[in-house]
Visitor: 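Have a look at this one.
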Amino acid sequence: MRAHARAERLNDFEELPVVPVDADFKDRGLEAVGFRRKLMNWYRSHARELPWRGISDPYRTWVSEVMLQQTRVAAVIEHYENFLRRFPTIVALALASEAEVLAVWSGLGYYRRARMLHKAAQFIVRERGGVLPGTAAELRTLPGIGEYTSAAIASIAFGESIAVVDGNVERVLLRLTGRAEMATAAGRAFVQTQAAALVPRKKVDERGNAAGDHNQAMMELGATICLPRAPLCLHCPVYSMCRTRGEHVTPPRAVQKSRPAAYLLSLRKRGTVTEVLLERRADDASLMAGMYELPPLPQDAIQGREPLLRVRHAITNTNYYVQVFAASGPQDRGLRRAVPAAKDDLEWVRTNRLGMVPLTGLARKVLQRLDVMEVRPVRLPET
DNA sequence: GACGCGTGGCT
DNA sequence: TAGCCAAGCGT
């Protein structure tokens, strides 16, 4: 599929400015000094202000990098501050239960990340006196920290001169070097070499953390300018060095599927407290194991009934069209009996405790939307 | 090396 | 409405 970025983004212009390509870097590689200068000048005036920028606590950098794996910045911002208020240090995280950690992570997705972050914190406290390792090689051995995250933490938090290659950097470098379609093993190896050649060698420059800032600038360029579908080439600081300039194909996306889903909302009063019926997902479930959700209802149980709420919920490539049915009155006993779950998997939970329960994102969304749960779910320890 | 793992705002 | 998108990791 052709990228139409050029035409779409040039409404007010006759054509792109004609700028000669700096050098024949398709074979020789990008000219590093000039590239870095252009990139960093742009980054210093255009970098987004994000809560994890300009901090000096490696633990916070670690948390932010794990949260950012495959996750939008906006979603991370919503959880980052909350998480760090609840678990301000590695020790605090290590001492928490896994359920507490998952409860704060609820809604961020990829819950394995939270479990591995928790396990790594416990390992660090047990084996390393609570101190995060300071090199990429050591970080790489921790659960949940792979090639990308180890390089990101090492360069951003500790100034190590090591190249970071994420999806953004890969896209930027393939396009810059005229290999935009080379999404192969050879292409990735080429990108790694290019990225390594561009990282500043000096640990610290007159502006601060040379390698960490460079890496963040590369990613920022991919995230805000060199976009996957429609790159904003007119705003690109290294346009003059680019071989493709928006003229390249973009890979097709996976097709989306739609599926119906139905859940039961069952509330009961116990004196002054309200309780909601939740179902705990199996520990061996492939998706969201051990987390809590509203009890699912079979489709044939909801025929002819009006839902209390309709929401859409997207999981990977499937859009779930979700209906929630209330069973608060005695007339709805039939609906409650239609829940196929085993009794052991069902649990009445006080609504004022929902913030401490590891809910699935969908359960959290539904309970908040129906005012069963506060929007601010995290309860701080009594201060 | 391929696959499975979540999410929700935007259009 | 339904499709698109976005800072990886482990097996």
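Source: prediction; values computed, not measured. To find a chain, count down the sequence lines: A is the first, B the second, and so on, and within it residues start at 1.
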Visitor: Hey, does A:Glu147 reach any base, or is it just sugar-phosphate, or nothing, if we go heavy atoms under 4.0 Å?
Guide: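 Sugar-phosphate, no base atom in range.
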Visitor: Going by number, which of residues 118-126 of chain A have a non-hydrogen atom under 4.0 Å from DNA chain B?
Guide: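 Per residue number, the list is empty: none.
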Visitor: Does this structure show an ion pair linking A:Glu138 with A:Arg128, if we count only N-O contacts that are shorter than 4.0 Å?
Guide: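 Between A:Arg128 and A:Glu138 there is a salt bridge, with a charged N closer than 4.0 Å to a carboxylate O.
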Visitor: Between atom NZ in A:Lys257 and atom P in C:dC4, what is the gap in whole Å?
Guide: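 Taking atom P of C:dC4 as the reference, NZ of A:Lys257 is at 14 Å.
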Visitor: If a protein heavy atom is under 4.0 Å from the base, mark B; if only from the sugar-phosphate, S; if neither, -; do that for nucleotides 5-11 of chain B going 5' to 3'.
Guide: BBBBBB-
Visitor: Near DNA chain C, counting only heavy atoms under 4.0 Å, which residues of residues 45-64 of chain A show up?
Guide: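 Output list: A:Arg48, A:Leu50, A:Trp52, A:Arg53.
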Visitor: Does any donor atom in the side chain of A:Tyr292 or A:Glu347 lie under 3.5 Å from an acceptor atom in the other side chain?
Guide: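 Yes - a donor-acceptor pair under 3.5 Å links their side chains.
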Visitor: In whole Å, what is the span from the CZ atom of A:Arg188 to the C1' atom of B:dG1?
Guide: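 To the nearest whole Å, that distance equals 9 Å.
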Visitor: Given the rule in the side chain to side chain contact (heavy atoms under 4.5 Å, CB included) test, do A:Thr274 and A:Leu267 qualify, once you have shown the distances and angles that lead to the verdict?
Guide: CA-CA 7 Å; A:Thr274 304; A:Leu267 297 172; 4.2 Å; yes
Visitor: Whether A:Arg53 and A:Glu220 form a salt bridge (side-chain N of Lys/Arg under 4.0 Å from carboxylate O of Asp/Glu) is what I want to check.
Guide: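 A:Arg53 and A:Glu220: salt-bridged.
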Visitor: Once side chain to side chain contact (heavy atoms under 4.5 Å, CB included) is applied, do any residues pair with A:Ala157, and if so which ones, sequence neighbours excluded?
Guide: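 Here the qualifying residues are A:Pro58, A:Thr61, A:Ile153.
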Visitor: Roughly, in whole Å, what's the span from OH in A:Tyr320 to P in C:dG3?
Guide: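 Rounded to the whole Å, the gap is 14 Å.
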Visitor: If I pick the P atom on C:dT11 and the same atom on B:dG6, what distance separates them, to the nearest angstrom?
Guide: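 Taking atom P in both B:dG6 and C:dT11, they lie 15 Å apart.
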Visitor: How many whole angstroms separate atom CG of A:Leu142 from atom C1' of C:dG10?
Guide: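 Checked: the CG to C1' distance equals 14 Å.
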Visitor: Check each of A:Leu174, A:Thr244, A:Val191 against A:Arg179 using the side-chain contact (heavy atoms from CB on, under 4.5 Å) test, and report the only one that passes.
Guide: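 With A:Arg179 as partner, A:Leu174, A:Thr244, A:Val191 yield a single side-chain contact (heavy atoms from CB on, under 4.5 Å), made by A:Leu174.
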Visitor: Flag this pair as yes if the NZ/CZ of A:Arg259 is under 6.0 angstrom from the six-membered ring centre of A:Tyr321 and inside a 45 degree cone about the axis; otherwise no.
Guide: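 No, A:Arg259 and A:Tyr321 do not form such a contact.
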Visitor: Between A:Arg268, A:Arg353, A:Arg350, which is the residue that forms a side-chain contact (heavy atoms from CB on, under 4.5 Å) with A:Val273?
Guide: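 The residue from A:Arg268, A:Arg353, A:Arg350 that satisfies side-chain contact (heavy atoms from CB on, under 4.5 Å) with A:Val273 turns out to be A:Arg350.
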Visitor: Please state how far atom CD in A:Glu170 lies from atom P in C:dG8, giving the value in whole angstrom units.
Guide: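 Rounded to the whole Å, the gap is 10 Å.
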Visitor: Could you give the distance separating B:dC3 and C:dA6 at their P atoms, to the nearest angstrom?
Guide: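 Per the computed distance, 23 Å lies between those P atoms.
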Visitor: Whole angstrom is fine here: how far is it from CD in A:Glu220 over to P in C:dA6?
Guide: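 Between P of C:dA6 and CD of A:Glu220: 13 Å.
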Visitor: List, one per line, each side-chain donor-acceptor pair under 3.5 Å for residues 92-102 of chain A, sequence neighbours excluded.
Guide:
residue, atom, partner, partner atom, Å
A:Ser97, OG, A:Glu100, N, 3.1
A:Ser97, OG, A:Glu100, OE1, 3.2
A:Glu98, OE2, A:Arg115, NH1, 2.9
A:Glu100, OE1, A:Ser97, N, 2.8
A:Glu100, OE2, A:Arg86, NH2, 2.5

Visitor: Tell me whether A:Arg48 at atom CZ has more than 12 heavy atoms from other residues, nucleotides or ligands lying less than 6.0 Å away.
Guide: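 Counting neighbours around CZ of A:Arg48, more than 12 heavy atoms of other residues, nucleotides or ligands fall under 6.0 Å, so yes.
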Visitor: Tell me, please, which residues at least two apart from A:Arg369 pass side-chain hydrogen bond (donor to acceptor under 3.5 Å, both in side chains).
Guide: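 side-chain hydrogen bond (donor to acceptor under 3.5 Å, both in side chains) list for A:Arg369, sorted by chain: empty.
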Visitor: To the nearest angstrom, how far is A:Leu117 atom CG from C:dC9 atom C1'?
Guide: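 Value for this atom pair: 13 Å.
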Visitor: Could you check how far CG of A:Leu68 sits from C1' of C:dC9, rounded to whole Å?
Guide: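 That distance rounds to 15 Å.
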